[in-house]
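See structure below.
In this chain, numbering begins with 1 at the start of the sequence shown.
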Amino acid sequence: MNEKGTLYLPPPGSTVAGEVDALFYFIFYASLVLFVLVMMTTAYFIFKYRRRGKRELTSGIAHNTKLEIVWTIIPVILVFIVFVWGFKTYLKMNVIPKDALEIKATAQKWFWTFDYPNGANNINNLVVPVGQPVKLLLSSQDVIHSFFVPNFRVKMDVLPNRYTLTWFEAIETGEYDIFCAEYCGKGHSEMLGKVIVMTEVDYNAWLEKSAIDIPEGMSLEDAGANLYTSKACITCHSVDGRPGVAPSFKGRFGTLQGMADGSTITIDENYLRESILNPQAKVAEGFQPVMPTYQNVLKDRQIDALMAYIKSLQD
Ligand code: CUA
């Protein structure tokens with residue numbers, strides 16, 4: 001990063017960030033100067049025009065045209081500068097360049113899925129090339145979320161049943177935090193992601209590799225272990241028996257499981273598959289029905305891989 005962050009703002013990482021910051025500091029310092037001036041004048045007048053004797057009356061001045069023109073014109077000029085400047089930056093932030101690379105971003109409780117034109121998808125990590133405009137087509141599977149990358153000065157609400165759009169162009173390679181900026185339930189504060197900005201060459205290599213479901217020569221079990229982390233199963237399901245928001249994966253396959261509705265089932269392949277694609281169909285006793293669906297996120301081969309991994313976690 002060539003520029004450091006300040007007390008007020010993190011380091012700028014996108015093409016619009018500098019403009020947003022410049023306007024912010026103009027408003028900030030203009031307010032500061034005016035505040036000090038007004039306060040000093042007030043203090044001076046309080047002292048100068050203090051009541052000196054018991055019978056002293058306030059002067060009878062009711063009007064001063066020159067003064068009133070001055071205190072109207074100066075604020076109007078300031079407001080006009082802020083408006084024109086702000087509107088230009090607003091347009092730049094909202095008009096998406098035609099050559100932008102389009103990525104579909106889907107929010108759900110409590111993670112992000114990023115889909116690429118070549119069929120690759122990635123959970124929580126938005127990988128993009130440096131120096132190229134990136135257009136995000138945002139939508140939510142459940143409640144309202146908000147896509148926020150402080151370094152890029154980009155924030156956009158993510159809604160169910162409709163699309164929102166935003167864009168950015170990263171100016172340097174590196175990793176930048178993604179936060180959810182709309183309270184969306186229990187896991188809101190853990191709905192974290194990263195924008196990973198790569199060089200064009202690295203990005204293309206990553207994209208090609210990511211479009212492949214399971215790398216050649218890798219066992220299903222190992223691929224499942226990778227997916228367990230990369231698809232965020234790890235957020236709720238432990239693999240060491242430790243209970244969390246959801247049942248641990250350790251030593252579960254083939255065992256009997258009590259359900260929230262009072263029935264009992266055996267944890268087998270079909271139960272796992274159903275739980276991944278339609279998690280609310282059968283909820284384990286003692287747990288909340290909070291798992292998101294992985295329909296359209298995981299392909300069949302990937303579900304097979306996860307299942308192989310879960311099966312391998314026996315005592
Ligand atoms: Cu998603 Cu807050």
Side-chain angles (χ1 to χ4, degrees), residues 102-127 136-143 145 147 158 160 178 180 184-185 187 190-194 196 206-239 244-250 252-254 257 265 267-284 287-313:
E102 186 173 319
I103 299 170
K104 172 84 189 67
T106 310
Q108 56 184 295
K109 295 192 278 186
W110 288 281
F111 63 90
W112 302 94
T113 309
F114 300 106
D115 285 283
Y116 292 77
N118 75 342
N121 74 28
N122 214 17
I123 303 281
N124 284 339
N125 288 335
L126 171 58
V127 180
L136 289 179
L137 181 63
L138 301 146
S139 66
S140 168
Q141 298 269 40
D142 39 51
V143 298
H145 302 269
F147 179 86
V158 184
I178 300 171
C180 177
C184 54
E190 277 148 53
M191 193 167 163
L192 304 167
K194 286 231 182 295
I196 300 171
W206 174 86
L207 195 61
E208 209 171 300
K209 198 181 84 198
S210 301
I212 306 162
D213 297 345
I214 289 163
E216 219 172 304
M218 187 182 268
S219 70
L220 271 183
E221 198 179 305
D222 289 343
N226 288 345
L227 290 166
Y228 167 72
T229 311
S230 70
K231 302 298 175 190
C233 316
I234 193 171
T235 315
C236 301
H237 297 279
S238 80
V239 287
V245 176
S248 172
F249 284 162
K250 185 169 172 74
R252 305 284 293 202
F253 191 80
Q257 171 68 55
I265 57 108
I267 298 180
D268 60 8
E269 284 87 349
N270 282 315
Y271 171 69
L272 288 180
R273 185 182 165 85
E274 184 183 44
S275 297
I276 290 169
L277 299 177
N278 185 13
Q280 262 58 274
K282 295 191 182 77
V283 178
F287 292 94
Q288 294 297 311
V290 292
M291 172 151 164
T293 172
Y294 276 80
Q295 191 103 44
N296 303 325
V297 175
L298 292 173
K299 295 172 189 141
D300 277 359
R301 277 286 280 170
Q302 294 176 311
I303 294 173
D304 292 345
L306 270 171
M307 235 172 309
Y309 176 58
I310 292 169
K311 282 185 191 172
S312 77
L313 297 167

Closest heavy-atom pair and its distance - [X], [Y]:
X: Ala305; Y: Leu227; answer: CB-CD1, 4.0 Å
X: Ser230; Y: Ile123; answer: O-CB, 3.1 Å
X: Ala246; Y: Phe287; answer: C-CE2, 3.5 Å
X: Cys184; Y: Val143; answer: CB-CG2, 3.7 Å
X: Asn125; Y: Tyr116; answer: O-OH, 4.4 Å
X: Ile303; Y: Leu298; answer: CG1-CB, 3.9 Å

We want to know whether Thr106 and Thr113 form a side-chain donor-acceptor pair, criterion being a heavy-atom distance below 3.5 angstrom. no
What distance separates [X] [atom1] from [Y] [atom2], expressed to the nearest 0.5 Å?
X: Gln108; Y: Ser139; atom1: CD; atom2: OG; answer: 10.0 Å
X: Leu220; Y: Ser312; atom1: CG; atom2: OG; answer: 11.0 Å
X: Ile310; Y: Glu269; atom1: CD1; atom2: CD; answer: 10.5 Å
X: Ile276; Y: Tyr271; atom1: CD1; atom2: OH; answer: 10.5 Å
X: Tyr309; Y: Cys233; atom1: OH; atom2: SG; answer: 9.0 Å

Where do Glu221 and Lys311 land on the salt bridge (Lys or Arg N to Asp or Glu O under 4.0 Å) test, with the steps shown first? CA-CA 9 Å; Glu221 198 179 305; Lys311 282 185 191 172; over 6 Å; no
Report the C-alpha distance between Met191 and Phe111 in whole Å, list the side-chain angles of each, state the deciding distance to 0.1 Å, and finish with yes or no for side-chain contact (heavy atoms from CB on, under 4.5 Å). CA-CA 5 Å; Met191 193 167 163; Phe111 63 90; 5.6 Å; no
Under the side-chain contact (heavy atoms from CB on, under 4.5 Å) criterion, do Ile267 and Leu272 qualify, and how do the steps go? CA-CA 7 Å; Ile267 298 180; Leu272 288 180; 4.0 Å; yes
With distance as the sole test, does [X] use its side chain to make a donor-acceptor pair with the main-chain N or O of [Y] at under 3.5 Å?
X: Ser248; Y: Ser238; answer: yes
X: Asn124; Y: Trp112; answer: yes
X: Gln302; Y: Lys299; answer: yes

Gln280, CD: over 12 other non-hydrogen atoms inside 6.0 angstrom: yes
Please set out all donor-acceptor pairs under 3.5 angstrom arising from side-chain atoms of residues 288-295, sequence neighbours excluded.
{"unit_1": "Thr293", "atom_1": "OG1", "unit_2": "Leu277", "atom_2": "O", "d": "2.6"}
{"unit_1": "Thr293", "atom_1": "OG1", "unit_2": "Gln295", "atom_2": "N", "d": "3.0"}
{"unit_1": "Tyr294", "atom_1": "OH", "unit_2": "Lys231", "atom_2": "O", "d": "2.8"}

Using the ring of each side chain (for Trp, its six-membered ring), is Phe249 parallel, tilted or perpendicular to His237, with breaks at 30° and 60°? parallel
Residue list, side-chain hydrogen bond (donor to acceptor under 3.5 Å, both in side chains) with Lys109, at least two apart or on another chain: none
Of all residues at least two apart in sequence or in a different chain, which pass the side-chain hydrogen bond (donor to acceptor under 3.5 Å, both in side chains) check with Thr235? none
Criterion side-chain contact (heavy atoms from CB on, under 4.5 Å) on Trp110 and Asp142, from CA distance to verdict: CA-CA 10 Å; Trp110 288 281; Asp142 39 51; over 6 Å; no
Tell me, do [X] and [Y] make a side-chain contact under 4.5 Å, heavy atoms counted?
X: Leu313; Y: Tyr228; answer: no
X: Glu102; Y: Leu137; answer: yes
X: Ile103; Y: Leu126; answer: yes

For Asn122, the option from Val127, Leu207, Ile196 that meets side-chain contact (heavy atoms from CB on, under 4.5 Å): Val127
Report the C-alpha separation of Arg273 and Asp300 in whole Å, then their side-chain angles, then the decisive distance to 0.1 Å, and conclude whether the salt bridge (Lys or Arg N to Asp or Glu O under 4.0 Å) test is met. CA-CA 9 Å; Arg273 185 182 165 85; Asp300 277 359; 3.3 Å; yes
